[in-house]
Amino acid sequence: MVGAIERYLLDKISAEGAIHITLIDPEKVTPSQASAIAKKAKASGTSAIMIGGSTFVSTKHLDDVVKTVKRATGIPIILFPNNVTSISRYADAIWFMSLLNSVDPYFLIGAQVLGAPLIRKYRLEPIPLGYIIVGEGGTAGIVGKAVPIPYDKPELAVAHALAGQYLGMRFIYLEAGSGAKKPVPQEMIRAVKQHIDATLIVGGGIRSRTQALAAASAGADIIVTGNIVENGQVKDRVSEIVEGIRRYRT
Ligand code: 1GP
């Protein structure tokens, strides 16, 4: 069943063509820093805030970050979990994700089984997502024991994305890894987009207007950036990315 946050994302995508989401890594910020980032990102045109990272933060800290960001912004907060410890009752929704190219069953279905009852208890909206690590893969690739799909094998990304869609996942995420030197190439985004009906998310290493425009014009429905807001100048950096995405519409 499509919930309110998923509906919000889909409506925004159909109105705007492609949208931007800001990722905040709770490990790298205090609650007040997180809310300052989120406020500026919202003012610059970001559509939602994702909260999550690749390593461990205490649930107390995560809760504090989520609560503070929620109070400060009012745009949807979607958890981006790396494990069952990344679930906060104060968020609006959670990417209910399986790392489709992991060799470890824990990241395919194990963590999901452990987390599902908590998600139900907290009444979080689960949004089914197939997560695919490509290129360098970064920390997420190592922690998730993925075999990253090389950039010159778009057909493998298509096969993984299709498998996710056939399993019922309504969102597919091509992840180059946070801070990747090269973002997901257009050929890979285009190939996946051509073959799936699911909503396509692209992230990892997107730092400029040109890269955001390239991803959106190749078919990304949602572009996620995290790193660029970690070193200040949030307004300028997010505005630049959002402007790149908007340019694709014009
Ligand atoms: C990482 O795709 C996201 O999970 C965002 O990557 O931090 O490189 O923007 P960056």
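Atoms within a ligand are numbered from 1 in the order they appear, just like the ligands themselves. Here, residue 1 is the first one in the sequence, and each next residue gets the next number.
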In terms of atom number and element, which parts of ligand 1 are under 4.0 angstrom from non-hydrogen atoms of [X]?
X	answer
Gly203	2 (O)
Phe80	4 (O)
Gly179	7 (O), 8 (O), 10 (P)
Gly205	6 (O), 8 (O), 10 (P)
Gly204	2 (O), 3 (C), 5 (C), 6 (O), 8 (O)

Indicate, as side chain, backbone, both or neither, the part of Leu23 found under 4.0 angstrom from ligand 1 when only non-hydrogen atoms are considered.
->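 Under 4.0 Å from ligand 1, Leu23 contributes side-chain atoms alone.
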
Side chain, backbone, both or neither: which part of Glu175 has a heavy atom under 4.0 Å from ligand 1?
->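 The answer is the side chain of Glu175.
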
Report yes or no: does His61 contribute a side-chain atom to a donor-acceptor pair with the main-chain N or O of Pro26 at less than 3.5 Å?
->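 Flag set: sc His61 to bb Pro26 pair under 3.5 Å.
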
Between Asn101 and Val147, is there a donor-acceptor pair closer than 3.5 Å when you use the side chain of the first and the backbone of the second?
->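 Side chain of Asn101 to backbone of Val147: a pair is present.
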
Quick one: do the Thr46 and Thr22 side chains pair a donor with an acceptor below 3.5 Å?
->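 Yes - a donor-acceptor pair under 3.5 Å links their side chains.
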
Check whether the side chains of Thr199 and Asp221 place a donor and an acceptor atom closer than 3.5 Å, and report yes or no.
->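 Judged by distance alone, the side chains do not pair up.
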
Side-chain contact test, heavy atoms from C-beta onward, threshold under 4.5 Å: evaluate it for Ile119 versus Phe96 and give yes or no.
->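 Sidechains of Phe96 and Ile119: in contact.
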
Side chains of Ser208 and Glu240: closer than 4.5 Å at any heavy-atom pair?
->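 A side-chain contact exists here, since the closest heavy-atom pair is under 4.5 Å.
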
If you look at every heavy atom in Ile223 and Ala212, which pair is closest and at what distance?
->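 Taking Ile223 first and Ala212 second, the nearest heavy atoms are CD1-O, 3.4 Å.
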
Considering only protein heavy atoms, which is closest to [atom], and at what distance to one decimal place?
atom	answer
atom 9 (O) of ligand 1	Gly226 N, 2.7 Å
atom 7 (O) of ligand 1	Ser178 OG, 2.6 Å
atom 3 (C) of ligand 1	Tyr173 OH, 3.4 Å

What about Tyr173 and Phe80, are their ring centers closer than 6.0 Å?
->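 So the answer is yes for these two rings.
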
Report yes or no: does a heavy atom of Ala140 sit under 4.0 Å from some atom of ligand 1?
->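 So Ala140 does not count as touching ligand 1.
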
